[in-house]
Amino acid sequence: MTQQQENFPAMKERICARLSALGQTHISDYLKQLNDTAQETMLRQIDTLDLSILDPECADEKRGSFAPLYATTLGEIAQNRARFTETGLAAIRAGKVGAVLLGGGQGTRLGCEHAKGMVDIGITRELFIFECLMNNLKRVTDQAGAYVPLFIMTSAENHNETQAFFAEKNYFGYSREHIRFFRQEQLPTVDPEGRLMLSAPGVISTAPNGNGGWYASMENTGMLSELRRSRIEWLNVFAVDNVLQAIADPCFIGAVIESGNVSGAKVVAKAAPDEKVGVLCLEDGRPSIVEYYEMTEEMRTRREPDGTLSYRFGVILNYLFRVDELENTLAYKMPLHKVFKKIRYMDENGNTVRPEAPNAYKFETLALDLVKLQKNCLAYEIEREKEFAPIKNQTGVDSVETARELLRRNGITL
Ligand code: UTP
């Protein structure tokens with residue numbers, strides 16, 4: 001019998017058996033409280049969810065052996081800037097470069113109720129995070145005299161509002177026909193005991209599946225068929241929350257193209273050995289990112305003969321990928337990482353709880369795992385003060401305040 005023909009009792013039996021095998025009988029018990037229509041709606045939702053994440057076998061993968069990765073430094077870039085930039089601009093003019101904005105995050109640390117890009121960080125005028133990014137991109141497209149197609153990844157939660165916001169702001173002066181929105185997938189969230197949660201009556205709580213599945217989400221939403229018909233050969237993927245983010249940076253693109261690498265990553269020199277940033281390195285001979293908490297003391301403090309840290313370059317979530325190589329990643333199942341976050345849920349009494357502190361796990365694919373699938377990657381050093389102003393937290397490090405200060409120093413009126 002195919003699934004389309006399956007009747008309600010059979011579907012209920014199948015899904016409840018699966019829930020029971022995964023230790024989720026509280027959901028089957030909850031179902032009994034609902035009328036038939038609500039039960040069917042909830043069962044249909046559960047049927048769309050990837051419950052394999054609940055399998056204890058699905059644990060974080062083991063890491064290989066690490067080695068430092070050499071980076072193209074600021075000095076080397078300065079010497080070749082004009083040439084790299086010309087190469088990059090030529091690629092943009094030839095329609096070979098597209099950009100992907102990762103806007104599906106929930107911004108739980110910042111406490112966002114809406115898409116993070118909609119946050120207004122201006123003081124004497126409105127200045128939205130999305131606006132900062134679009135201004136940065138427009139500087140490049142003005143220089144090139146050609147548009148860069150921009151693909152904006154959203155989540156189920158913020159898709160409509162993001163689209164409406166761009167429309168309301170007239171796409172921040174960018175060409176509408178060069179912007180596409182696509183939605184990433186959701187995965188269930190679990191409480192600390194590994195139990196599925198409810199977000200509303202009859203609805204299992206889900207969250208966006210991380211920033212690593214963007215290429216697969218482009219495939220699932222039909223974006224890739226469009227991309228494959230275009231001349232785009234390179235995709236510059238970047239995070240929404242760095243308001244100094246240089247997008248489709250011609251010098252970076254040119255440096256990667258000229259190096260012959262199939263990918264590139266913008267990196268910043270670590271401010272101190274113990275700075276909490278993922279470092280670009282080699283893992284079993286492949287480009288990889290080692291998280292700060294995975295580094296041993298020896299790795300953190302190891303130095304090169306010239307005195308610089310061996311594991312020196314932190315990633316800022318701005319990568320360039322060659323599209324033909326990305327195509328090869330589609331068959332690969334990206335690993336899932338369990339992340340403890342603040343997740344809104346419905347308690348046993350039917351009340352919506354907005355936790356003040358992390359309370360549950362979401363499952364995320366990570367963009368850095370896509371880097372590991374590349375044959376090689378050019379680490380390209382940037383000046384922190386000019387290109388890195390992330391907004392992650394409400395106060396303190398990487399907050400609106402610190403980002404504003406960096407914008408001011410770069411001559412942006414707030
Ligand atoms: P973060 O790792 O900072 O996650 O995202 P977040 O969800 O935005 O914020 P917190 O951790 O809850 O505070 C880094 C980048 O990846 C995107 C974000 O929008 C940001 O550009 N992202 C993250 C996605 O596009 N989808 C996701 O599922 C997660």
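On a predicted model such as this, the values are computed, not experimentally measured, just so you know. In each ligand, atom 1 is the first atom listed, and ligand 1 is the first ligand listed.
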Note to self: Looking at Asn393 and Val397, would you say the former's side chain and the latter's main chain have a donor-acceptor pair under 3.5 Å?
What the structure shows: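 At least one qualifying donor-acceptor pair exists.
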Checklist line | Flag, side chain of Asn211 to backbone of Ala367, donor-acceptor distance under 3.5 Å | finding: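 At least one qualifying donor-acceptor pair exists.
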With a cut-off of 4.0 Å, which atoms of ligand 1 are near a heavy atom of [X]?
X      : answer
Gln106 : 6 (P), 7 (O), 8 (O)
Pro208 : 28 (O)
Lys392 : 1 (P), 3 (O), 14 (C)
Met153 : 25 (O)
Thr108 : 9 (O), 10 (P), 12 (O), 13 (O)
Asp241 : 3 (O), 20 (C)
Gln184 : 24 (C), 25 (O), 26 (N), 27 (C), 28 (O)
Ala239 : 15 (C), 21 (O)

I want to know if ligand 1 touches [X] in the polar sense, i.e. an N/O pair below 3.5 angstrom.
X      : answer
Phe238 : no
Lys116 : no
Glu364 : no
Gly210 : yes

Next item on the list: Please work out whether the ring planes of Phe181 and Tyr171 are parallel, tilted or perpendicular, with thresholds of 30° and 60°.
Entry: tilted
Margin query: Parallel, tilted or perpendicular: which one describes the rings of Phe321 and Tyr319, with boundaries at 30° and 60°?
Written below: tilted
Nearest protein heavy atom to [atom], by residue and atom, and its distance?
atom                    : value
atom 22 (N) of ligand 1 : Gly105 N, 3.5 Å
atom 25 (O) of ligand 1 : Gly104 N, 2.8 Å
atom 4 (O) of ligand 1  : Lys341 NZ, 3.7 Å
atom 18 (C) of ligand 1 : Leu102 O, 3.6 Å
atom 6 (P) of ligand 1  : Gly107 N, 3.6 Å
atom 16 (O) of ligand 1 : Asn211 ND2, 3.1 Å
atom 2 (O) of ligand 1  : Arg109 NH2, 4.0 Å

Notebook entry, point to check: Can you name the one residue among Glu385, Glu383, Glu387 that meets salt bridge (Lys or Arg N to Asp or Glu O under 4.0 Å) with Arg409?
Noted result: Glu385
Margin query: Would you say CZ of Arg231 has more than 12 non-hydrogen atoms from neighbouring residues, nucleotides or ligands within 6.0 angstrom?
Written below: no
Item checked: Neighbour count above 12 (heavy atom, 6.0 Å) for Tyr345 OH -> no
Note to self: Could you check whether any side-chain heavy atom of Asn242 comes within less than 4.5 Å of a side-chain heavy atom of Leu133, counting everything from C-beta outward?
What the structure shows: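 They are not in contact (no side-chain heavy atoms under 4.5 Å apart), so the answer is no.
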Check: So do the side chains of Arg286 and Asp284 get within less than 4.5 Å of each other, counting heavy atoms only?
Finding: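 No, side chains not in contact.
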Check: Distance only, no hydrogens: is a donor on one side chain within 3.5 Å (strictly under) of an acceptor on the other, for Glu381 and Thr73?
Finding: no
Check: Backbone, side chain, both or neither: what part of Leu317 comes under 4.0 angstrom of ligand 1, heavy atoms only?
Finding: side chain
Item checked: Derivation and outcome, side-chain contact (heavy atoms from CB on, under 4.5 Å), residues Asn158 and Glu161 -> CA-CA 5 Å; Asn158 69 23; Glu161 65 180 17; 3.4 Å; yes
Margin query: One pair to check against ring pair (Phe, Tyr, Trp, His ring centres under 6.0 Å): Phe128 and Phe165. What are the steps and the verdict?
Written below: CA-CA 10 Å; Phe128 302 97; Phe165 190 70; 5.0 Å; yes
